[in-house]
**Q** 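For reference, the structure I am asking about is given below.
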Amino acid sequence: MFRSVKGTPAFATFASEVARFSGAQWRADGQAPALPDIGRLHALALPVLLLTGGRDMSELHLIADVIAAAAPDVEHHERADLGHLLHLEDPAWCYERLTAFWDAHSR
């Protein structure tokens, strides 16, 4: 999943973030939604920005396709040359997409 960031300047940042992350919120998450997340995508009331990397795992491409098809208002951008850690691999590209999305939807 993280192969695309290995050997890049972003790897040091990634390694530092992984070392600091405890995962405590996943272990202590007692939520029990009425439907699984996939069954609630159609009910999203806010627009969704979906950024994907073409070099990411095929299973994650499938998840992105499901989100894009099921959620009512999705803006999807993919960068063929990036992997799973888009925000580390090309922060400027992510920032441009985020700010444009924010500007378009913050009225």
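This one's a predicted model, so the numbers in the text were calculated from it and none came from an experiment. Numbers for residues simply follow the sequence, beginning at 1.
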**Q** L44 and P72: which non-hydrogen atoms are nearest, and at how many Å?
**A** O-CG, 3.3 Å

**Q** To the nearest 0.5 Å, what is the distance between CG on D65 and CD1 on I67?
**A** 9.5 Å

**Q** Got a second to check how far D56's CG is from L51's CG, nearest 0.5 Å?
**A**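 Result: 12.0 Å between the selected atoms.
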
**Q** Regarding H61 and E59, do their side chains bring together a donor and an acceptor under 3.5 Å, going by distance alone?
**A** no

**Q** Rounded at 0.5 Å granularity, tell me how far NE2 in H87 sits from OG1 in T13.
**A**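 H87 NE2 to T13 OG1: 8.5 Å, rounded to 0.5 Å.
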
**Q** Do L82 and M57 share a hydrophobic cluster (ILVMFWY, side-chain heavy atoms under 4.5 Å, transitive)?
**A** no

**Q** Salt-bridge test for R55 and D81: reply yes if a basic N is under 4.0 Å from a carboxylate O, no otherwise.
**A** no

**Q** Is the backbone of Y95 close enough, under 3.5 Å, to the side chain of T99 for a donor and an acceptor to pair up by distance?
**A**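 Yes: the side chain of T99 pairs with the backbone of Y95.
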
**Q** Please examine the side chains of W102 and L49, heavy atoms only from C-beta on, and report whether any two atoms are closer than 4.5 Å.
**A**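 No, their side chains stay 4.5 Å or more apart.
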
**Q** Do H84 and L60 have side chains that approach each other closer than 4.5 Å (heavy atoms only, starting at C-beta)?
**A**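 Yes - at least one pair of side-chain heavy atoms lies under 4.5 Å apart.
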
**Q** Give a yes-or-no answer on whether the side chains of H76 and T52 include a donor-acceptor pair shorter than 3.5 Å.
**A**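 There is such a pair between these side chains.
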
**Q** Give me the ring orientation class for F2 and F14: parallel if the planes are under 30° apart, tilted from 30 to 60°, perpendicular past 60°.
**A** tilted

**Q** Could you check if a side-chain atom of V74 sits within less than 4.5 angstrom of a side-chain atom of P47, using non-hydrogen atoms only?
**A** no

**Q** Can you confirm whether more than 12 heavy atoms, excluding those of I38, are under 6.0 Å from its CD1 atom?
**A**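 Not buried by this count: 12 neighbours or fewer within 6.0 Å.
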
**Q** Let's go through F11 and L88 carefully: what are the C-alpha distance in whole Å and the side-chain angles of both, what is the deciding distance for side-chain contact (heavy atoms from CB on, under 4.5 Å) to 0.1 Å, and is it a yes or a no?
**A** CA-CA 8 Å; F11 187 75; L88 295 178; over 6 Å; no

**Q** Is there side-chain contact between H105 and D73, with heavy atoms separated by less than 4.5 Å?
**A** yes

**Q** Within the structure provided, determine whether E75 and L50 are in side-chain contact (heavy-atom separation under 4.5 Å).
**A**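 No, side chains not in contact.
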
**Q** Quick one, L86 and E89 - any side-chain contact, counting heavy atoms below 4.5 Å?
**A** no

**Q** May I ask you to test the S4-L85 pair for a side-chain heavy-atom distance under 4.5 Å?
**A** no

**Q** Hey, does R97 have a side-chain heavy atom less than 4.5 Å from the side chain of F101?
**A** no

